[in-house]
Amino acid sequence: MNLPIYLDNNATTPMDPRVLEAMLPYFNAKFGNAASRNHAFGWAAEEGVDYAREQVAQLIGANEKEIIFTSGATESDNLAIKGVFEMYKDKGNHIITCVTEHKAVLDACKHVEKLGGSVTYLPVKSDGLIDLTELEAAVTEKTILIAIMYGNNEIGVIQPVKEISAIAHKHGALFMTDATQAVGKIPVDVNADGIDLMAFSGHKMYGPKGVGALYVRRKNPRVKVTAQIDGGGHERGMRSGTLNVPGIVGLGKAAELCRLEMNEEAIRLSALRDKLQASLTVLEESYVNGNVEHRLPHVANISFKYVEGEGLMMAMKDLAVSSGSACTSASLEPSYVLKSLGLSDDLAHSSIRYGLGRFTTEEEVDYAIEQTKKAVNHLRDLSPLWEMFKEGIDLDTVEWAEH
Amino acid sequence: MAYSDKVIDHYTNPRNVGTLDKSQNSVGTGLVGAPECGDVMRLQIQVDSNNVITDAKFKTFGCGSAIASSSLATEWLKGKSIDDAMKIDNMDIVEELALPPVKIHCSVLAEDAIKAAINDYRVKNGLEAFEVAKSHH
């Protein structure tokens, strides 16, 4: 076992060596521009891109013509939201999303508001799922798009996408989903799920960074987005720019591997995740954040009350995890996702996210359990809050000198 | 962000962790910060009849820099007179621990905790609390 141990697979995944191998020829021998239609170099590059497009489409049950390659999920989210708003603004200006979305969705929505759009940010229930009745009540005649993520990056909860898309379509709106954390981890089928637009990324599924895709439905209904990058009219005019051929080939290979291996991988990872979670919630005053039934197989977000997340991560120096603690960001505000579950700030500060992945072993998980337990106990010995809790003092009644 | 060696040292081997009997008149207790902000420090001093701090203990809920700042504060307090202890400035802690700008609030909190402990001791013993400048907040 090599230290440190990587358990931050929601941030990024290591690239699968088989993906790297598939990419390598496109850095040298097959260096051509996929848009060069008149010589063998261009054809070789184009062939690689075409094959990758099929591999990606197959993973999500789409037609290859419905895949637009981008630089990653952030760009895809931007293209979907801004592009739909521009394309359909004569039909309406209202978009519905939710407060736990990734910043790429939230900030794109804020941008749309500046352009005259109206956006509803739905709250979530304490388990992180949206309320479908509230969603339907928020729909107006002007609603053109419902944008709700598939699986959440911080807590891993899976939104009821089928039910959401049914509501969207009943009211003549499009359904877009940021599926960055879900694609390649759990079965995602654009037809079965009723998805009209879907953003995802290579580096969250053992592919390279700097490449992603936007699925754009071509039939029932035919969806169009206004391009956000103008130029040579690549990707059916929706995303100009010379194609990142090695990246796209890598995304394709990563998609193929996920399609073939994700079912077994999900079973293995959810067993390891459950072991980790069960072993850590044995600790007093530890709480799992988010719905545990509708959740990605590889994620567990746990708050260890009375210890602070960054301090905890420092004590677990051989584990690479992440925390919703304010101290990890310059803003000093704890995670907005955890706060929107109704978690008090102190529990949000005390959270650790464990993201397992394809290369995580049981030995590593066992080590992570031991390290976490040791660190939590060590920090609780240092924590005045823990001492007060043990003395039976209700911390809510203490007058804190806020700084 | 990498931590300085001194932060890591204090964090890994915190000095003077513990609790003094706050019911005693010779003990002053400062509890500063708030759980919602992610930092709470409790710093205690034991003072002898010559106004010298003979012992200091802390417990801190917070990040590594907050723990290191309070650990260092207890080290500095031991053996100091109350008057000298009042002169400890948060920037001394920043310098000693090489705290980055984003962690300066940890040192501020430690200075606040020192002053709160001293004032608690003074009030307990019928003395007037020192006025605490809040300029760095």
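Proteins get letters first, then strands, A, B, ... in listed order; numbering begins at 1 in each.
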Report task. Flag yes if more than 12 heavy atoms outside B:Asp21 fall under 6.0 Å of its CG atom; otherwise flag no. Result -> yes
Report task. With a 4.5 Å cut-off on heavy-atom pairs, point out which of A:Leu395, A:Val307, A:Leu347 contacts chain B the most. Result -> A:Val307
Query raised in the report: Do A:Lys103 and A:Tyr336 meet the cation-pi criteria used here (NZ or CZ under 6.0 Å from the six-membered ring centre, within 45° of the axis)?
Result: yes
Requested in this report: Identify which part of B:Val40 has an atom lying under 4.5 Å from any heavy atom of chain A, answering side chain, backbone, both or neither.
Outcome: both
Query raised in the report: Taking B:Gly18, B:Pro35, B:Ala66 one by one, which has the highest count of heavy-atom pairs under 4.5 Å against chain A?
Result: B:Pro35
Query raised in the report: Going by residue number, which parts of residues 117-126 of chain B are within reach of chain A, meaning a heavy-atom gap below 4.5 Å?
Result: none
Query - Candidate pair B:Ile82 and B:Val47, rule side-chain contact (heavy atoms from CB on, under 4.5 Å), full reasoning - result: CA-CA 8 Å; B:Ile82 291 277; B:Val47 185; 4.0 Å; yes
Query - Heavy-atom pair count under 4.5 Å with chain B, highest-scoring of A:Leu379, A:Leu312, A:Val398 - result: A:Leu379
Report task. Mind checking salt bridge (charged side-chain N to carboxylate O under 4.0 Å, His left out) for B:Asp9 and listing every partner two or more places apart, or none if nothing turns up? Result -> B:Arg15
Report summary line: With sequence neighbours left out, the residues meeting salt bridge (charged side-chain N to carboxylate O under 4.0 Å, His left out) with A:Lys339 are A:Glu333, A:Asp345
Query raised in the report: Quick one: salt bridge (charged side-chain N to carboxylate O under 4.0 Å, His left out) partners of A:Lys209, sequence neighbours excluded?
Result: none
Query raised in the report: Atom CZ in B:Phe58, atom CZ in B:Arg42: separation rounded to 0.5 Å?
Result: 10.5 Å
Query raised in the report: Should A:Met316 and A:Ile352 be marked as a side-chain contact (heavy atoms from CB on, under 4.5 Å) after you check the CA-CA gap, both sets of side-chain angles, and the distance that decides it?
Result: CA-CA 11 Å; A:Met316 311 189 293; A:Ile352 297 286; 4.1 Å; yes
